[in-house]
Amino acid sequence: MLLYDPPRKPDPKHVPTEAELRRDLAAAYRLIALHGMTDTVYTHLSVRVPGEGHRFLVNPYGLLFEEITASSLVLVDAAGEPAQKTSWPVNPAGFVIHSALHLASPRAQCVMHTHTLAGMTVAATEQGILPLNQISIEFHGRVAIHDYEGIAADDNLSERERLVRDMGDRPCLILRNHGLLTAGRTVAEAFYWMYYLEQACRIQVAALSAGAPLSMPPPEVVERTRAQSPDSPTQGWLLWQAMCRKLDREQPEYRS
């Protein structure tokens with residue numbers, strides 16, 4: 001039987017090093033793959049690197065999420081162009097949405113974007129996330145919606161402004177007719193929101209598929225339940241440590 005030290009508490013004053021961020025972002029890529037939230041080599045998770053200028057870590061274009069390691073991540077500038085020597089291509093167009101949020105929002109230190117079946121299904125509907133379950137209710141008032149404007153690219157710079165405006169200070173965004181996006185002050189927080197936003201979408205798709213009348217709590221219960229789940233920089237910290245322990249047992253090469 002494996003024994004572990006008690007979970008460590010996050011230090012709000014700690015500024016992570018690039019090495020720490022590489023390890024955490026590589027872990028996030030592996031966990032997104034582990035939980036079936038990838039779109040082969042497409043979509044991105046990115047994190048801001050502290051220091052002067054705008055520098056971010058992102059996946060090398062062409063690797064599956066399950067192949068990502070800390071050392072394979074590519075350092076890029078705000079335009080998505082490599083800021084380090086790399087033999088792997090990067091996809092600047094795919095970084096357009098990320099960079100807009102990274103540059104505009106203090107909460108968007110880490111940005112995650114997915115194209116999952118459940119997420120894209122909900123993104124194709126008008127209603128957004130319905131308060132169907134305790135998990136879903138946590139997202140009440142915390143999920144913004146951005147209407148589809150085509151493939152995000154630098155030839156539509158005004159969309160970047162609308163993305164920032166639509167998301168505001170919320171942690172989650174439904175890109176209508178596209179997919180899901182979350183932003184966090186840490187990799188752990190962004191992963192927490194993405195993991196449970198995906199669960200909320202799966203619950204909703206399953207409930208609607210049942211064909212039975214839906215049961216939703218009254219508004220006052222929804223508001224009370226949401227208030228019991230505060231939006232905190234340390235959101236998901238225990239979950240993150242548990243997930244990383246799982247990776248350390250099963251896929252320790254993510255750290256390399």
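Every value quoted in this text rests on a predicted model; they were computed, and no experiment measured them. The first residue in the sequence is number 1, and the count goes up from there.
Of the inter-residue distances, the one linking C172 atom SG with D231 atom CG reads 8.5 Å to the nearest 0.5 angstrom. Atom CG of L117 and atom CE of M37 lie 13.5 Å apart (nearest 0.5 Å). Expressed to the nearest 0.5 Å, how far CG of L21 lies from OG1 of T186 amounts to 10.0 Å. If you take CG on L197 and CE on M112, they are separated by 12.5 Å, rounding to the nearest 0.5 Å. A distance of 4.0 Å separates CD of E149 from CD of E159, quoted to the nearest 0.5 Å. Rounding to the nearest 0.5 angstrom, the gap separating the CG atom in L34 from the CD atom in E250 is 6.5 Å.
Between T114 and T116, the side chains place no donor N or O within less than 3.5 Å of an acceptor N or O (distance only, hydrogens not considered). Residues T69 and R30 bring no donor and acceptor atom of their side chains to less than 3.5 Å of each other. Residues N91 and Y42 have side chains that never bring a donor and an acceptor to within less than 3.5 angstrom of each other.
Put simply, L173 and V47 are part of two different groups of oily side chains (I, L, V, M, F, W, Y) that touch within less than 4.5 Å, one to the next.
Counting heavy atoms of neighbouring residues, nucleotides and ligands inside a 6.0 Å radius, atom CD of E20 exceeds 12 of them. Atom CZ of R224 sits in a sparse spot, with 12 or fewer heavy atoms from other residues, nucleotides or ligands closer than 6.0 Å. Within a 6.0 Å sphere centred on CG of L103, other residues, nucleotides and ligands contribute more than 12 heavy atoms.
A ring-centre distance under 6.0 Å is found for H113 and H178. Between H102 and F56, the gap from one ring centroid to the other is short of 6.0 Å.
Listed here is the closest heavy atom pair of A108 and V111: CB-CG2, 3.9 Å.
You'll find the side chain of L181 reaches within 4.5 Å of the side chain of L101, heavy atoms only.
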